[in-house]
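Counting begins at 1 with the first residue of the sequence.
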Amino acid sequence: MFAQVFGSTILGLNGMLITVEVDIANGIPGLDIVGLPDASVRESRERVKAAITNSGFEFPTRRITVNLAPADIKKDSSGLDLPIAIGILAASGQIPAASCTRTAFVAELSLDGKLRGVSGLLSMAMNSIASGLTEIIVAPDNAREALIAGKITVHAPAALDQIVSHLRGEVRIGTVERNFEAIEEQIHEEDFAEVQGQMAAKRALEIAAAGGHNVLMIGPPGSGKTMLARRITTILPPMIRQEALEVTKIYSAAGLFKSHHIITSRPFRSPHHTVSQAGMIGGGTIPRPGEVTLSHNGVLFLDELPEFPRAVLEVLRQPLEDGEVHIARVNAALSYPAEFMLIAAMNPCPCGYATDSEKQCTCSLSEIRRYIKKISGPLLDRIDLHVHVPRPNYTELTTSIPAESSKGIAERVSTARRIQLQRLEKYAIACNAQMGHKHLKATCHLTEEAQLILKQAFTKMNLSARSYDRMIKVARTIADLSHAEQIEAVHIAEAIGFRSHLQPL
């Protein structure tokens, strides 16, 4: 006998509908799974057999062949356990095959027939909707995630026997109700009001947040670089629904989605400097998202930048330039989104005190040069703002004058972002950092005095074409924060000031 049911898996970040075809024929008893299954899918033979038997149903003692179509794509999800089990029960006549035609089945099976959740369910549910299916049966752990997908009826039974009763028409499984707001309120524990002094660094981070620019903070140990970086998300504008859905899909595919609601807080990722290339950019037999993709629509913070392996830092070039990552492996060639803000922090030398006004540096000139050369020029060229973060003095730490809160800074950032969105909406980009050279020509107009200053800086600082474009982008953001129509001399001068801190290095 033959039966066909629908399961799902993910390829990259997108769901992929899998047609599970089951044929039961005379022959030596056994269960073969074909269609490029990986180890987790091949192991489902034992899980499915035990789950069917322990749920009180008969496992056919005949030749069973399971085909996972399309057969030319590697399948690596244990969520195919459930559709394989349902297919076997339908092919053996224990449930009506006609009851499975408009339903996707996605869950891992335990040996006693219980349903377990899987990663990437949101993408699978969205793909099921796009494929014309009207129902999806998932584990209780995945019920809320499936609801985020939208217009599909979600059932979340606890065990296989409940699904069989449902498909036989004996006891209907209730649907999961949408009786909640699929929104996660943003609550920040950190605040810029906790940071005393560091006005230049705060200004740089405000500009970065307003335009989506990358920042490098250079200063001695204990100057507050990490403290500043961890507060950048408190001044970023909230994500629109499309951005939130993209982030939720990424975290779902990576197995990191733990919430019952769509993610609305911008990601903040801070990998350790021992991270590998695959960990940073993504990888594996079937490539999984790396740190740059997990930072999409948010912030990637690299503390102690020169301590990262040179090869790991160099893989950041493409995503910083293109906003996406391309990974090619034997089994798949995938593209992941990687539109993030890079916030990096470093000491000026190995001991950390080369620029400190009170503590003497113990490093030789050659040691400092070797330390700085760990960061390549092309990578530094892609960082828009370089700011010196000095060690705060006693007066700054003990002052009773309150520092500005994140709320006040966030209001200015949101206003600047709205200005940019109005100007750039017709180009389908959201902020100044995403502009290309053609967008600069069309939208960034400099006064004559500003052009003269920029020309002098270009020659004196020996800037590249990329640095030239990025400096104009920063100046455009500064002008937006000032509500100025044109880029004026004061705006371009401030932008130049945030590049010059790199020169002493």
Check: So R203 and E404, salt bridge (Lys or Arg N to Asp or Glu O under 4.0 Å) or not? Walk me through it.
Finding: CA-CA 11 Å; R203 174 62 175 172; E404 186 177 17; over 6 Å; no
Notebook entry, point to check: Quick one: salt bridge (Lys or Arg N to Asp or Glu O under 4.0 Å) pairs with a partner in residues 434-458, sequence neighbours left out?
Noted result: none
Next item on the list: Heavy atoms only: give me the nearest G120-I10 pair and the separation to one decimal.
Entry: O-CG2, 3.6 Å
Notebook entry, point to check: Judged by atom type as modelled, is there a donor-acceptor pair below 3.5 Å linking the side chain of S8 to the main-chain atoms of M16?
Noted result: yes
Next item on the list: Show your working on side chain to side chain donor-acceptor pair (under 3.5 Å) between T399 and Q196 and close with a plain yes or no.
Entry: CA-CA 8 Å; T399 182; Q196 299 287 18; 5.9 Å; no
Next item on the list: May I ask you to test the V299-R266 pair for a side-chain heavy-atom distance under 4.5 Å?
Entry: no
Check: Going from CD on E190 to CZ on F268, what distance comes out if it is rounded to the nearest 0.5 angstrom?
Finding: 8.5 Å
Margin query: Using a 3.5 Å distance criterion without hydrogens, assess whether the side chain of S252 forms a donor-acceptor pair with backbone atoms of F257.
Written below: no
Item checked: Residue pair T9 / V118, side-chain heavy-atom distance below 4.5 Å -> no
Margin query: Side chains of S414 and R417 only: does a donor on one sit below 3.5 Å from an acceptor on the other?
Written below: no
Check: Taking it one step at a time, do T226 and F301 satisfy side-chain contact (heavy atoms from CB on, under 4.5 Å)?
Finding: CA-CA 9 Å; T226 301; F301 175 50; 3.9 Å; yes
Note to self: Using a 3.5 Å distance criterion without hydrogens, assess whether the side chain of Q456 forms a donor-acceptor pair with backbone atoms of I453.
What the structure shows: no
Item checked: Interatomic spacing from CG in L365 to SG in C349 - rounded to 0.5 Å -> 11.0 Å
Next item on the list: Starting at OG1 of T293, measure out to CD of E339 and round the result to the nearest 0.5 Å.
Entry: 11.5 Å
Note to self: In the structure I gave you, are the side-chain heavy atoms of I487 and L454 within less than 4.5 Å of one another anywhere?
What the structure shows: no
Notebook entry, point to check: Does a side-chain heavy-atom distance below 4.5 Å link D356 with C361?
Noted result: no
Note to self: Can you pull out every salt bridge (Lys or Arg N to Asp or Glu O under 4.0 Å) where at least one residue sits in residues 269-290? Sequence neighbours excluded, please.
What the structure shows: D76-R288, R269-E291
Next item on the list: Check whether any side-chain heavy atom of P319 sits under 4.5 Å from a side-chain heavy atom of I281, and report yes or no.
Entry: yes
Margin query: Can you pull out every salt bridge (Lys or Arg N to Asp or Glu O under 4.0 Å) where at least one residue sits in residues 220-238? Sequence neighbours excluded, please.
Written below: E194-R231
Item checked: Taking every non-hydrogen atom, the tightest pair across I472 and C444 -> CG2-CB, 3.8 Å
Next item on the list: Could you tell me which non-hydrogen atom of I368 sits nearest to which non-hydrogen atom of C363, and how far apart they are?
Entry: CG1-CB, 3.8 Å
Next item on the list: Measure the CE-CG distance between M126 and L121 for me, rounded to the nearest 0.5 Å.
Entry: 12.0 Å
Margin query: Is it the case that the side chains of R499 and S467 hold a donor-acceptor pair, with the cut-off being a distance below 3.5 Å and no angle test?
Written below: yes
Notebook entry, point to check: How close do E358 and R391 get, heavy atom to heavy atom, and via which atoms?
Noted result: CB-NH2, 3.7 Å
Note to self: With a 4.5 Å cut-off on side-chain heavy atoms, are L300 and M341 touching?
What the structure shows: no
Checklist line | Donor-acceptor contact present, side-chain H491 to main-chain E488, <3.5 Å | finding: yes
Check: Is there a donor-acceptor pair under 3.5 Å between the side chain of K202 and the backbone N or O of V195?
Finding: yes
Next item on the list: Say whether, by atom type as modelled, one donor and one acceptor occur between the side chain of Q198 and the main chain of P390 under 3.5 angstrom.
Entry: yes
Notebook entry, point to check: Under the salt bridge (Lys or Arg N to Asp or Glu O under 4.0 Å) rule, what pairs show up with a residue in residues 340-355, not counting sequence neighbours?
Noted result: none
Notebook entry, point to check: When you measure from the side chain of S482 to the backbone N and O of A484, does any donor-acceptor pair fall under 3.5 Å?
Noted result: no
Check: Between R317 and E321, does a salt bridge (Lys or Arg N to Asp or Glu O under 4.0 Å) hold up when you go through it step by step?
Finding: CA-CA 6 Å; R317 289 199 207 175; E321 198 70 26; over 6 Å; no
Check: Are any side-chain N or O atoms of Q277 and backbone N or O atoms of G283, one a donor and one an acceptor, separated by less than 3.5 Å?
Finding: no
Margin query: Nearest 0.5 Å, please: how far is CG in L452 from OG1 in T447?
Written below: 9.5 Å
Check: Between V138 and E145, does a side-chain contact (heavy atoms from CB on, under 4.5 Å) hold up when you go through it step by step?
Finding: CA-CA 10 Å; V138 300; E145 188 175 345; over 6 Å; no
Notebook entry, point to check: How far apart are the C-alpha atoms of N214 and R470, what are their side-chain angles, what is the distance that settles it, and do they pass the side-chain contact (heavy atoms from CB on, under 4.5 Å) test?
Noted result: CA-CA 10 Å; N214 305 316; R470 288 182 176 271; 3.9 Å; yes
Next item on the list: Check whether more than 12 heavy atoms from other residues, nucleotides or ligands sit under 6.0 Å from atom NZ of K374, and answer yes or no.
Entry: yes
Notebook entry, point to check: For F340 and L320, what are the C-alpha separation, side-chain angles and deciding distance, and is it a side-chain contact (heavy atoms from CB on, under 4.5 Å)?
Noted result: CA-CA 8 Å; F340 60 91; L320 284 174; 3.8 Å; yes
Check: Is it true that a side-chain atom of D191 and a backbone atom of S406 form a donor plus acceptor pair closer than 3.5 Å?
Finding: yes
Notebook entry, point to check: Do the side chain of Q422 and the main chain of I419 share a donor and acceptor less than 3.5 angstrom apart?
Noted result: no
Next item on the list: For P267, enumerate each residue passing the side chain to side chain contact (heavy atoms under 4.5 Å, CB included) test, keeping only those at least two apart in sequence or located in another chain.
Entry: V247, Y251
Note to self: For the CG atom of L205 and the CD1 atom of I232, what is their distance to the nearest 0.5 Å?
What the structure shows: 4.5 Å
Item checked: Non-hydrogen side-chain atoms of T443 and R476 separated by less than 4.5 Å -> no
Check: Quick one: are T355 and I218 in side-chain contact, heavy atoms under 4.5 Å?
Finding: no
Next item on the list: For residues I263 and M239, report the shortest heavy-atom separation together with the two atoms involved.
Entry: O-CE, 3.6 Å
Distance-only donor-acceptor hits, side chain of residues 427-436, under 3.5 Å, sequence neighbours excluded:
| from | atom 1 | to | atom 2 | distance (Å) |
| --- | --- | --- | --- | --- |
| N432 | OD1 | R423 | NH2 | 2.9 |
| N432 | ND2 | T477 | OG1 | 2.9 |
| N432 | ND2 | D480 | OD2 | 3.0 |
| Q434 | OE1 | A430 | N | 3.0 |

Checklist line | Heavy-atom closest pair, residues I496 and A457 | finding: CD1-CB, 3.4 Å
